[in-house]
Engineer: 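Pasting a structure below so you can have a look.
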Amino acid sequence: MSTLRINSERLHNRMEMLAKIGARPDGGVCRLAFSQLDLDGRTYVRDLMEEAGLEVRIDAVGNLFGIWHSTNSKPALMVGSHTDTVATGGQYDGALGVLAALEAVETILEEESGSQQTLIVASFVNEEGVRFMPDMMGSLYFTGELSLAQVRSSEDSQGISIGQELDRLSYGGTDSLDDIPVGAFLELHIEQGPVLEEENLEIGVVTGVQGLSWTEVTVRGASNHAGTTPMRLRKDAGRVSNTLMYDLQDLTSQIENLRLTIGSVHYHPNLVNVIANEVRFTIDARHPDLSMLQETERRIAQILDSQTDCFIDYHSIAKVNPLKFSHQIVSAVQEAADHLALPAKQMISGAGHDAQILGAQLPAGMIFIPSRNGISHSIEEYSTPSQVENGANVLLHAIQTMANQ
């Protein structure tokens with residue numbers, strides 16, 4: 001195999017420069033999707049793509065593509081991730097995958113004067129889904145799962161729509177990739193979990209992604225005085241919600257490999273001496289097997305429907321099926337890790353990613369590097385320079401392997 005290596009100093013400098021865009025005083029990064037800082041970060045990446053000699057295209061929702069055209073008629077290989085962050089994010093989640101993809105492609109162009117396959121560096125919009133739902137919006141639009149009208153109509157908590165922000169910031173473009181068939185997608189990302197670090201491994205060869213099902217639940221009762229209303233006469237949305245949440249979380253002891261989280265809870269009127277008349281909470285359920293995820297959804301509905309003390313309303317707010325990645329791409333990543341003598345293991349991703357969306361329509365795969373203490377979506381998110389370099393080199397060699405097949 002090739003002895004080619006990425007320019008680690010260049011990659012690290014670019015990671016630091018991008019992290020300065022949206023830098024927080026506490027050391028974190030905030031580039032919420034469809035904000036000025038998000039656009040500034042994407043503009044920085046666009047300029048790097050142009051400097052590398054790539055053709056830059058921006059579609060109607062702002063997805064950014066840097067293209068090196070091969071004379072080979074094979075469908076293109078797309079590599080990349082996203083550069084938007086959560087409100088208290090770090091500099092690695094998403095950004096690593098975009099800048100490492102650019103670095104790998106740039107290295108191939110500099111050292112080998114090209115590739116046997118058209119290469120596309122992609123930076124998808126709104127992967128995080130913090131300000132605007134759903135998450136992974138850019139890849140959903142790219143694959144046709146969301147229309148432009150659906151994207152533009154999505155509103156944040158202040159009633160501001162994506163369409164308004166796209167127009168205000170001149171964020172979107174007029175390009176597409178309709179003339180370039182895409183044959184595969186590969187994404188480098190931090191693990192966002194503790195497994196690689198715990199097992200002293202350098203590379204995660206990702207074989208697939210868990211499915212997820214998000215549900216929003218509203219429990220409606222009746223407010224009254226906390227001191228004067230007998231317990232037997234109460235319609236206490238808080239008490240009912242607590243019972244439901246306990247029963248829901250107990251599903252993890254009944255369904256193997258299920259991960260279930262009550263992540264957001266809002267009481268109303270949220271006063272110390274008033275019985276709550278409404279509680280809204282969310283359920284995040286994840287499982288690597290579709291049939292078991294569906295069984296979980298059935299059991300969730302059964303628990304919610306069984307409660308009669310208060311009115312219960314619930315609806316799905318997101319659903320992504322589990323996905324197995326391409327065996328060919330998994331093999332290419334494993335081969336690259338072995339060639340570089342980097343300790344690796346094959347593993348399932350616990351978090352959703354753009355690769356999961358694209359993988360529903362074309363061969364896809366992922367590479368993980370360790371994240372310190374398994375932390376992500378946090379100002380404490382960190383991967384060492386050597387871990388970043390290792391991941392980028394595995395990405396580079398996997399690209400070469402796939403392009404030469």
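Residue indices begin at 1 and follow the sequence shown. As a basis for the values below, the full set of heavy atoms in this structure was taken, side chains included, without hydrogen atoms, waters or symmetry mates.
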Engineer: Is the number of heavy atoms from other residues, nucleotides or ligands under 6.0 Å of Asp26 CG greater than 12?
Structural biologist: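 For Asp26, atom CG is crowded (more than 12 foreign heavy atoms under 6.0 Å).
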Engineer: Whether Asp156 and Arg131 form a salt bridge (side-chain N of Lys/Arg under 4.0 Å from carboxylate O of Asp/Glu) is what I want to check.
Structural biologist: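 A salt bridge is present here (some side-chain N lies under 4.0 Å from a carboxylate O).
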Engineer: Return the CG to OG1 distance between Leu258 and Thr296, rounded to the nearest 0.5 Å.
Structural biologist: 4.5 Å
Engineer: Between Leu99 and Leu18, is there a side-chain heavy-atom distance shorter than 4.5 Å?
Structural biologist: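 They are in side-chain contact.
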Engineer: Between Leu102 and Ala52, which heavy-atom pair has the shortest distance, and what is it?
Structural biologist: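 Heavy atoms of Leu102 and Ala52 come nearest at CD1-CB, 4.3 Å.
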Engineer: Does Glu216, at its CD atom, have more than 12 non-hydrogen atoms belonging to other residues, nucleotides or ligands within less than 6.0 Å?
Structural biologist: yes
Engineer: Are the ring centres of Phe185 and Phe142 closer than 6.0 Å?
Structural biologist: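 Judged by ring-centre distance (under 6.0 Å), Phe185 and Phe142 do not meet the cut-off.
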Engineer: Is atom CD of Gln328 surrounded by more than 12 heavy atoms (other residues, nucleotides or ligands) closer than 6.0 Å?
Structural biologist: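 At most 12 heavy atoms, drawn from other residues, nucleotides or ligands, come within 6.0 Å of this atom.
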Engineer: To the nearest 0.5 angstrom, please state how far the CG atom of Leu248 sits from the CD1 atom of Ile303.
Structural biologist: 4.5 Å
Engineer: Atom OH in Tyr92, atom CD1 in Ile375: separation rounded to 0.5 Å?
Structural biologist: 12.5 Å
Engineer: Compare all side-chain heavy atoms of Arg299 with those of Gln254 and state whether any distance is below 4.5 angstrom.
Structural biologist: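 In contact.
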Engineer: Just wondering, more than 12 heavy atoms not from His69 lying within 6.0 Å of its NE2?
Structural biologist: yes
Engineer: Does any part of the side chain of Gln387, heavy atoms only, come nearer than 4.5 Å to the side chain of Glu202, both counted from C-beta?
Structural biologist: yes
Engineer: Does any non-hydrogen side-chain atom of Ile312 lie less than 4.5 Å from one of Asp305?
Structural biologist: no
Engineer: Given Val105 and Thr107, is the side chain to side chain contact (heavy atoms under 4.5 Å, CB included) satisfied, shown in steps?
Structural biologist: CA-CA 5 Å; Val105 169; Thr107 298; over 6 Å; no
Engineer: Using a cut-off of 6.0 Å, state whether more than 12 heavy atoms not belonging to Arg220 lie near its atom CZ.
Structural biologist: yes
Engineer: Which pair of heavy atoms, one from Leu32 and one from Thr85, lies closest together, and at what distance?
Structural biologist: CD2-O, 3.6 Å
Engineer: Is Phe325 close to Val209 at the side-chain level, that is, under 4.5 Å between some pair of heavy atoms?
Structural biologist: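 Val209 vs Phe325: side chains touch.
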Engineer: Specify the closest pair of heavy atoms between Gly350 and Arg259, including all atoms of both residues, with the distance to one decimal.
Structural biologist: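 Answer, listing the atom of Gly350 first, then Arg259: CA-NH1, 4.2 Å.
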Engineer: Run the salt bridge (charged side-chain N to carboxylate O under 4.0 Å, His left out) check on Glu128 and Arg31 step by step: do they pass?
Structural biologist: CA-CA 10 Å; Glu128 298 292 4; Arg31 290 190 300 269; over 6 Å; no
Engineer: List for me each residue that meets side-chain hydrogen bond (donor to acceptor under 3.5 Å, both in side chains) alongside Ser223, sequence neighbours excluded, and say none if there are none.
Structural biologist: none
Engineer: Can a donor-acceptor pair be found, under 3.5 Å and without considering hydrogens, that links the side chain of Asp284 to the backbone of Trp214?
Structural biologist: no
Engineer: In Å, rounded to the nearest 0.5 Å, how long is the span from CG of Leu146 to CE of Met136?
Structural biologist: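 Between atom CG of Leu146 and atom CE of Met136 there are 10.5 Å.
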Engineer: Locate the shortest heavy-atom distance separating Leu169 from Leu39; write the atom from each residue and the value.
Structural biologist: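 Minimum heavy-atom separation between Leu169 and Leu39: O-CD2, 3.4 Å.
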Engineer: Search all heavy atoms of Val56 against all heavy atoms of Asp175 and return the closest pair with its distance.
Structural biologist: O-OD2, 4.2 Å
Engineer: Among Gln192, His189, Glu191, which residue satisfies the side chain to side chain donor-acceptor pair (under 3.5 Å) criterion with Ser376?
Structural biologist: Gln192
Engineer: So Val219 and Glu278, do their side chains get closer than 4.5 Å, heavy atoms only?
Structural biologist: no
Engineer: Report the C-alpha separation of Gln400 and Asn404 in whole Å, then their side-chain angles, then the decisive distance to 0.1 Å, and conclude whether the side-chain hydrogen bond (donor to acceptor under 3.5 Å, both in side chains) test is met.
Structural biologist: CA-CA 6 Å; Gln400 288 184 298; Asn404 292 327; over 6 Å; no
Engineer: Got a sec: does the NZ of Lys324 have more than 12 other heavy atoms crowding it under 6.0 Å?
Structural biologist: no
Engineer: For Glu165, is there an ion pair with Arg152 - N to carboxylate O distance below 4.0 angstrom?
Structural biologist: no
Engineer: Would you call Lys319 and Glu297 a salt bridge, using N to O less than 4.0 angstrom?
Structural biologist: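 A salt bridge is present here (some side-chain N lies under 4.0 Å from a carboxylate O).
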Engineer: Looking at Glu103 and Arg10, is any side-chain nitrogen of the basic one under 4.0 Å from a carboxylate oxygen of the acidic one?
Structural biologist: yes
Engineer: Roughly how far, to the nearest 0.5 Å, is the CZ atom of Arg298 from the CG atom of Leu293?
Structural biologist: 13.0 Å
Engineer: Just verifying a value: how many Å separate Ser2 OG and His339 NE2, rounded to the nearest 0.5 Å?
Structural biologist: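 Reported value, rounded in 0.5 Å steps: 6.5 Å.
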Engineer: Determine which pairs satisfy salt bridge (charged side-chain N to carboxylate O under 4.0 Å, His left out) with at least one residue from residues 52-74, sequence neighbours left out, and list them in order.
Structural biologist: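 Applying salt bridge (charged side-chain N to carboxylate O under 4.0 Å, His left out) to every pair that reaches into residues 52-74, excluding sequence neighbours, yields Glu55-Arg57, Arg57-Asp179.
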Engineer: Could you report the tightest heavy-atom contact between Leu177 and Ile67, atom names first, then the distance?
Structural biologist: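 That closest heavy-atom pairing would be CD2-CD1, 3.7 Å.
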Engineer: Salt-bridge test for Lys20 and Glu16: reply yes if a basic N is under 4.0 Å from a carboxylate O, no otherwise.
Structural biologist: no
Engineer: When Asp309 is tested against each of Arg239, Lys235, Arg234 for salt bridge (Lys or Arg N to Asp or Glu O under 4.0 Å), which residue passes?
Structural biologist: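 Only one of Arg239, Lys235, Arg234 forms a salt bridge (Lys or Arg N to Asp or Glu O under 4.0 Å) with Asp309, namely Arg239.
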Engineer: Classify the ring geometry between Phe34 and Tyr171 as parallel (under 30°), tilted (30 to 60°) or perpendicular (over 60°).
Structural biologist: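 Answer is tilted, since the angle falls between 30° and 60°.
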